[in-house]
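The structure under discussion appears below in the form of structure tokens.
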There are 2 protein chains.
Amino acid sequence: MTSQVAQAQESVHTPGRKRDASRDDALRQAALEVLAEVGYDRLTIDAVAARAGAGKATCYRRWAGKAELVVDAVGRMKAAPTQPDTGTLRGDLVELTCHFNDVDDTFRTDVQAGLVSGLVHDAKLREAFAELFIAPRKAVYRAVFDRAIQRGEIAPVPNYELLSDIVPSMVFHRLILTGRPPDPAFILTILDQIVLPLTKPCAQGEAAQNPNTSHTQTRTTSS
Amino acid sequence: MTSQVAQAQESVHTPGRKRDASRDDALRQAALEVLAEVGYDRLTIDAVAARAGAGKATCYRRWAGKAELVVDAVGRMKAAPTQPDTGTLRGDLVELTCHFNDVDDTFRTDVQAGLVSGLVHDAKLREAFAELFIAPRKAVYRAVFDRAIQRGEIAPVPNYELLSDIVPSMVFHRLILTGRPPDPAFILTILDQIVLPLTKPCAQGEAAQNPNTSHTQTRTTSS
DNA sequence: CTTTTGCGAAACGGGCTAGTTTCGATACGA
DNA sequence: TCGTATCGAAACTAGCCCGTTTCGCAAAAG
């Protein structure tokens, strides 16, 4: 973006001290930590620079401002890697959701929650978030469902994209509204009571439309 | 809360000019509008007072600060009233979700989105939000499901609370991450492909556990 | 009329933040 | 060695916001 980048790549003539690449990483890491702790809108360049043990000038020499720094830092976070293959759909989903929501490693969750306050206003941040968190998640979910289908474990699901959004949506909802980090038991409940039942052939999309052809089997009295 | 309230109710002796009740409403309404437009953390008392055509002193004479004003204003919003009774579960849910998410009236949605930036940090605001938005929603959902059960339309659902969170969660997720207001088609898709299928008896909670006893009936070939 | 309070408007002090600039020290190339 | 660019640190300008206070005026009670 800035002129320094072009100079660094095109090493025409480079007098003077070289830029310390370790400062880039330190600042990015500090930005992620501050982001996780106080959220996007309360993140200040001063706090990031201080945590990195760097001067503000060093920071502004690399990024134009807060938005660019955060987007770059979030963008370079190690994307969720594990493509689980436990042999069962449930096993894959459990590992997947627990990993994506980082039940064990709270840092990624905190970063995600910290970004929320910025997502509302900043469209650029929203794009970066969608590309860096949502898109890879969707891809992994697709692979897991496809493997289960090829395995013959479930019938083909036309709406895997919808299914793969259930857990993240409900965890996100819970996180913002209650302020509590994702609970493994909560995730398992969603999986066992919502997602997995929907993969059964009897519940494939053909709902309602004719609500009066119902099953009048159970009343409030004893069955 | 403040001493003025006690004085107003207990009219012992009230010298001087009376407080203009219309200023309360004007300030609350202005607060909601600013909240919907710029969000909680970017809301300033100055902006609210200016929009209400009032002085800041008038505002601070009634509320201690930003948090109290917003909580009071949100709390006095007309709560979702319509207890739908269309005769079918699907009809009730459609009316319910579309109303709660205000497909037609975007103001309530904007207020909700505007609150998000404050929910992350402010626990008090989170409690108010939960009490004023979540609790009544949950109650209405419960009534709708209960009526469907009594009607014999569906089997008793032990997890109505979980089911009633699906639509709001996914709409919320979509709202924050894409920035787009809730789409009626999206809501209908969730209802018909997720919520309603789960009310069928074959999909009642007993999922997975034994993934190998699967139903190897349907392959990718024609059924 | 006088007193007391509410009203809108404006100003003020204190605090926080962004982004720039300065300073002495350090590292690199010519 | 000399020039240049980076480094951390700090000072600095400018702006925004909060919460309080002041001011002139309007209304209600004695």
Side-chain angles (χ1 to χ4, degrees), chain A residues 1-31 34-35 37-70 117-118 121-122, chain B residues 2-28 30-31 34-35 37-70 117-118 121-122:
Chain A
M1 191 76 70
T2 53
S3 59
Q4 303 93 349
V5 178
Q7 291 182 3
Q9 289 181 349
E10 191 87 19
S11 61
V12 185
H13 47 288
T14 56
R17 184 175 178 173
K18 284 179 182 175
R19 230 178 240 188
D20 187 354
S22 74
R23 296 297 83 202
D24 292 60
D25 293 331
L27 284 167
R28 273 190 285 258
Q29 179 62 28
V34 176
L35 181 63
E37 288 173 13
V38 304
Y40 180 80
D41 46 45
R42 299 193 186 182
L43 175 145
T44 65
I45 300 290
D46 299 72
V48 172
R51 172 165 309 219
K56 284 201 296 178
T58 306
C59 191
Y60 278 106
R61 201 175 287 123
R62 293 154 209 274
W63 296 280
K66 177 169 155 178
E68 289 77 3
L69 167 60
V70 171
S117 58
H121 298 293
D122 195 327
Chain B
T2 53
S3 59
Q4 304 93 349
V5 178
Q7 290 181 2
Q9 290 182 348
E10 191 88 21
S11 62
V12 185
H13 47 290
T14 55
R17 182 175 178 172
K18 285 180 180 173
R19 234 179 233 186
D20 186 355
S22 74
R23 298 295 84 204
D24 293 59
D25 293 331
L27 283 166
R28 273 192 286 259
V34 175
L35 181 63
E37 289 173 14
V38 305
Y40 180 80
D41 47 44
R42 298 193 188 182
L43 176 145
T44 67
I45 301 290
D46 300 72
V48 173
R51 171 165 311 218
K56 284 201 295 177
T58 305
C59 190
Y60 278 107
R61 202 175 287 124
R62 294 153 209 276
W63 296 278
K66 176 168 154 178
E68 288 78 4
L69 167 60
V70 170
S117 59
H121 299 293
D122 195 327

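Letters A, B, ... are given to chains in the order of the sequence lines, protein chains preceding strands, and every chain is numbered from 1.
- Taking the C1' atoms of five terminal pairs at each end of the helix from dC1(C)-dG30(D) to dA30(C)-dT1(D), the two resulting helix axes are inclined by 0°, rounded to 10°.
- Minimum heavy-atom separation, Ala52(B) to Ala26(B): CB-O, 3.7 Å.
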Walk along nucleotides 12-17 of chain D from 5' to 3' and tag each nucleotide B, S or - by protein heavy-atom contact under 4.0 Å, base first, then sugar-phosphate. -----S
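- The CZ atom of Arg51(A) sits 18 Å away from the C1' atom of dG8(D) (whole-angstrom rounding).
- Judged purely by distance below 3.5 Å, without hydrogens or angles, the side chains of Asp20(B) and Ser22(B) pair a donor atom with an acceptor atom.
- Taking the side chain of Arg62(B) as heavy atoms from C-beta on, and the options dG8(D), dG6(C), dT20(D), the nearest nucleotide is dG6(C).
- Closest heavy-atom contact between Tyr40(A) and Ser117(A): N-OG, 3.3 Å.
- Of the side-chain N and O atoms in Thr58(B), one or more sit less than 4.0 angstrom from OP1 or OP2 of dG8(C).
- Going from atom CZ of Arg23(B) over to atom C1' of dA9(C) covers 14 Å, rounded to whole Å.
- When the nearest nucleotides of DNA chain D are assigned to Ala57(B) and Arg17(B) by heavy-atom distance, the more 5′-ward of the two goes with Ala57(B).
- One atom, CG of Leu69(B), and another, C1' of dC18(D), lie 14 Å apart when rounded to the nearest Å.
- If you measure from atom CG of Asp41(B) to atom C1' of dC18(D), you get 15 Å, rounded to the nearest angstrom.
- A sub-4.0 Å separation between OP1 or OP2 of dA26(D) and a side-chain N or O of Lys18(B) is absent.
- Taking every side-chain heavy atom of Arg19(B) into account, dG6(C) is the closest of dG6(C), dA28(D), dG19(D).
- Closest of all the heavy-atom pairs between Cys59(B) and Ile45(B) is SG-CG2, 4.1 Å.
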